[in-house]
Amino acid sequence: MIVPMKKVSLIIRNSQKEEVLKKLRKLGIVHIEITEGSGERLNALQERVALLERTVFTIGKAKGKEQISVSVKEALSIADKISALDEEKKRYQAEKIQLNAELDRLKGWGDIDPRSLKTLKSKGYEISLYEMPKAEYGLLDESIKTVRVGTTKTAVRFMTVQSGKEYDESVLAPLEQYRFALPKLSGDEITKRIAELTARTDAVDETVAAYGSYIDSLKHAIKLTEKEIEFETYATGMTDEDLSTESRKNVGIAHFSGYIEAENLEKLKKAAEENAWGLVAEDPTEEDNIPTKLKNNKFVSLIYPLTDFLGTVPGYFEYDISGWFLAFILIFFGIIFGDGGYGLLICAVAGIPIIKSLTAKKKVSPAFLLIGLFGLSTVVWGTLTCTWFGLTPQQLPAWLKSLSVPVISNVYGDKIWYPFWTNGKAGLTTAQNLQILCFVLALIQLTVAHVKCAIRNRKSLKIIGDIGSAIELVGMFYLVLSFVVSSEVFSFGLVIGGIPVGTCAIVFVAVGFIASFIFANYEGSVVKSVLSSLTNIVSVLLGIFNLFSDIVSYIRLWAVGLAGAAISATVNGLAGPLLGHFMFAILAIVLLVFGHGLNMILNILSVIVHGIRLNTLEFSSHLGMSWSGYKFKPFEEKINT
């Protein structure tokens, strides 16, 4: 459930800001609404965090390093040293880039020694190097004597040698734009310098890596500094009011707002009374930006690692669908992965850390428990459909095949199932049965959404609109079966037990639409509700088609599961023949591991793209949810890990 909140406002003396914040932090029950602060100290703290984070990034993961605990002051000293080393390394790398570029520039000229050229100049010989296009080189005046050094497809490298007054400066003037700038170092010297810089860079890396033992202390220093930033933000972000008069100087108050769990309001009232704080408490309204705190039993709370990863938080006035989210994502996961063998691997991946935690008598991570549930769900689905590592039913033992459910089992993949009302004239394949199952899941999940809406609106005529939407959903479900699965089995003229099922489906859609049209926007006046629907008539009419597409959207579960099964079968088909030859057995094993591993990765992506989408889009849209909330985060001394 979403924990009920109270909006609170505190009024304190301006001079008591820090004292009050320390007491509130110790109390640890108020979510303060201030988001911005200012001041030099706040800027310095933010720079400190940036420095520490850069240091952690520079050191990287210190695998195998025994951690050493140090104070925040020592951690900052280490950060300064690492920062200096990092700057030193950047200088070395920048110089290496320049020197490598210089080597590339000198290619084709050989090992030019600038000192030798200077020596020749001191003896009266001026040597100049040039590089110019071939076409222009051919047009040079014959009076200019050149010595070719090299030629490429487009250019000519050459030099001129002057001694005494052999050439006038005016003669060589046209060549000035093509003059090749002499390097400061010879090629050999550049190569040696690059090697020296590489050695220095490696030495810096080794020095930095040696600080890996302090990485946990650096991370802890970041968290402590972030708590200081939080405190300073609240201290400098409060709204100040100057109450000074001619007789009373430097008198002022500060005030701020926040949110508190309703059950903790008495604790805050008691603290306010003891410390002479001004306190105003009221029920929040839809105009307020209220944080959300979810409270569920241990089993339902297993979904939190997934929702935290997705960053999805319901708004305070929305629904807590944690339980339904968990139930349906488990089903969707099993269908999308689809293979009981994969499920066993997932269970093994989750089981190892769970057993380790239990053995060490530590708390088991909810994330691993959730992964274990995903694995069990996949095993169950693989058992029901007789799908194990992409093997054919003929390759599986009889007892395993007997556990499957015939109408959706691969064992009976080619069999046609004839519903009783068709009298053997029209039937359904296993694939069609699986499609029907997906649409049934759609009907159940979307009906749950409208039932929840109806319960919330039970004291308003708006409930008629919610009931109408549910009735429309049932009728549309049959239309989907007719249009998508089989128009013969689910015909519009179908009559069962004297009930015209097809006709009823159309009537349900019409009646449900009318009820929704009239009452969906009801806010105390039926006329205003109808006018609101007429104002948005285009979107209202499109809603019929959206409902159809929402139900059809659930077929993605079957389609993605089918694609995964096809990949598994293909991998087995490629590797199977190789297993019969000793020479190729290792290649076959590599192919099986790679192929099935890649398939599992694709399935994980499919769960994120398709399985989660059905919960956060189709299901949520029928609930009217936008996931606009953010987490309740009380101001407390505890450091969040």
Side-chain angles (χ1 to χ4, degrees), residues 2 285-287 314-321 324 328 439-484 490-496 498-554 614-629:
I2 295 177
T285 65
E286 292 191 9
E287 285 72 33
Y316 179 74
F317 291 105
E318 295 182 342
Y319 299 91
D320 175 17
I321 60 169
W324 293 108
F328 283 108
F439 297 143
V440 168
L441 287 173
L443 177 63
I444 294 171
Q445 189 174 32
L446 300 183
T447 300
V448 166
H450 292 294
V451 169
K452 288 181 74 67
C453 291
I455 292 173
R456 171 168 285 190
N457 298 318
R458 61 187 179 278
K459 296 181 180 180
S460 167
L461 287 179
K462 200 170 184 178
I463 190 175
I464 299 176
D466 297 320
I467 294 172
S469 296
I471 292 172
E472 185 181 4
L473 177 66
V474 173
M476 191 63 73
F477 168 73
Y478 186 82
L479 297 185
V480 169
L481 295 183
S482 180
F483 282 115
V484 179
F490 303 102
S491 66
F492 289 116
L494 176 63
V495 178
I496 299 178
I499 300 174
V501 179
T503 303
C504 285
I506 297 174
V507 171
F508 276 20
V509 172
V511 171
F513 174 77
I514 293 171
S516 177
F517 184 88
I518 296 173
F519 294 100
N521 302 300
Y522 180 80
E523 294 293 342
S525 171
V526 174
V527 174
K528 289 183 179 178
S529 179
V530 172
L531 288 175
S532 179
S533 295
L534 287 172
T535 303
N536 301 290
I537 188 65
V538 175
S539 61
V540 170
L541 292 174
L542 286 175
I544 300 175
F545 301 100
N546 289 338
L547 181 58
F548 183 89
S549 66
D550 283 348
I551 298 173
V552 172
S553 183
Y554 282 71
L614 294 175
N615 279 295
T616 57
L617 186 60
E618 276 80 0
F619 183 41
S620 297
S621 65
H622 283 257
L623 283 165
M625 288 182 63
S626 61
W627 298 98
S628 58

Q. S533 and I518: side-chain contact (heavy atoms from CB on, under 4.5 Å), yes or no, with the steps?
A. CA-CA 7 Å; S533 295; I518 296 173; over 6 Å; no
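- Interatomic distance, N457 CG to D466 CG, rounded to the nearest 0.5 Å: 5.0 Å.
- Under the 30°/60° scheme for interplanar angles, the aromatic rings of F619 and F328 are found to be tilted.
- The CD1 atom of I551 sits 12.0 Å away from the CD atom of Q445 when rounded to the nearest 0.5 Å.
- Among all heavy-atom pairs drawn from A515 and G468, the shortest one is CB-CA, 3.8 Å.
- Just one residue in the list L481, V480, L473 forms a side-chain contact (heavy atoms from CB on, under 4.5 Å) with F477, and that residue is L481.
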Q: Verify side-chain contact (heavy atoms from CB on, under 4.5 Å) between K462 and F519, making sure each step is shown before the conclusion.
A: CA-CA 5 Å; K462 200 170 184 178; F519 294 100; 5.8 Å; no
Q. Going through the checks in order, is the ring pair (Phe, Tyr, Trp, His ring centres under 6.0 Å) test met by F492 and F483?
A. CA-CA 10 Å; F492 289 116; F483 282 115; 5.8 Å; yes
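- Listed by chain and residue number, I467, F508 satisfy the side chain to side chain contact (heavy atoms under 4.5 Å, CB included) test with I471 (two or more places apart in sequence, or in another chain).
- Remark: the E472 side chain and the S516 side chain contain no N/O donor-acceptor pair separated by less than 3.5 Å.
- Looking at E618 and Y554, their side chains never bring a donor and an acceptor atom within 3.5 Å of each other.
- Counting heavy atoms from C-beta outward, H450 and L623 have side chains that stay 4.5 Å or more apart.
- Listed for the E318 side chain is a donor-acceptor partner under 3.5 Å among the backbone atoms of S626.
- Contact annotation: the side chain of F439 approaches that of V484 to within less than 4.5 Å [non-hydrogen atoms, C-beta and beyond].
- The cationic group of R456 lies under 6.0 Å from the six-membered ring centre of Y319 and within 45° of the ring axis, placing it in a cation-pi geometry.
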Q | Full working for side-chain contact (heavy atoms from CB on, under 4.5 Å) between S482 and L479 | A | CA-CA 5 Å; S482 180; L479 297 185; 5.6 Å; no
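- Separation of atoms NZ (K452) and CD1 (I321) is listed at 8.0 Å; rounding is to 0.5 Å.
- Note that the OG atom of S532 and the OH atom of Y522 stand 14.0 Å from one another [nearest 0.5 Å].
- Checking side-chain atoms of S529 against main-chain N and O of S525 turns up no donor-acceptor pair under 3.5 Å.
- In this structure, CG in L547 is found 12.5 Å from CG in L542, a value given to the nearest 0.5 Å.
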Q: With side-chain contact (heavy atoms from CB on, under 4.5 Å) as the test, would you mind laying out the steps for H622 and V448 before giving the verdict?
A: CA-CA 9 Å; H622 283 257; V448 166; over 6 Å; no
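- For the atom pair L494 CG and T503 OG1, the distance stands at 9.5 Å (nearest 0.5 Å).
- Remark: the W627 side chain and the S620 side chain contain an N/O donor-acceptor pair separated by less than 3.5 Å.
- Across all their heavy atoms, V540 and F517 have their closest contact at CG1-CD1, 3.7 Å.
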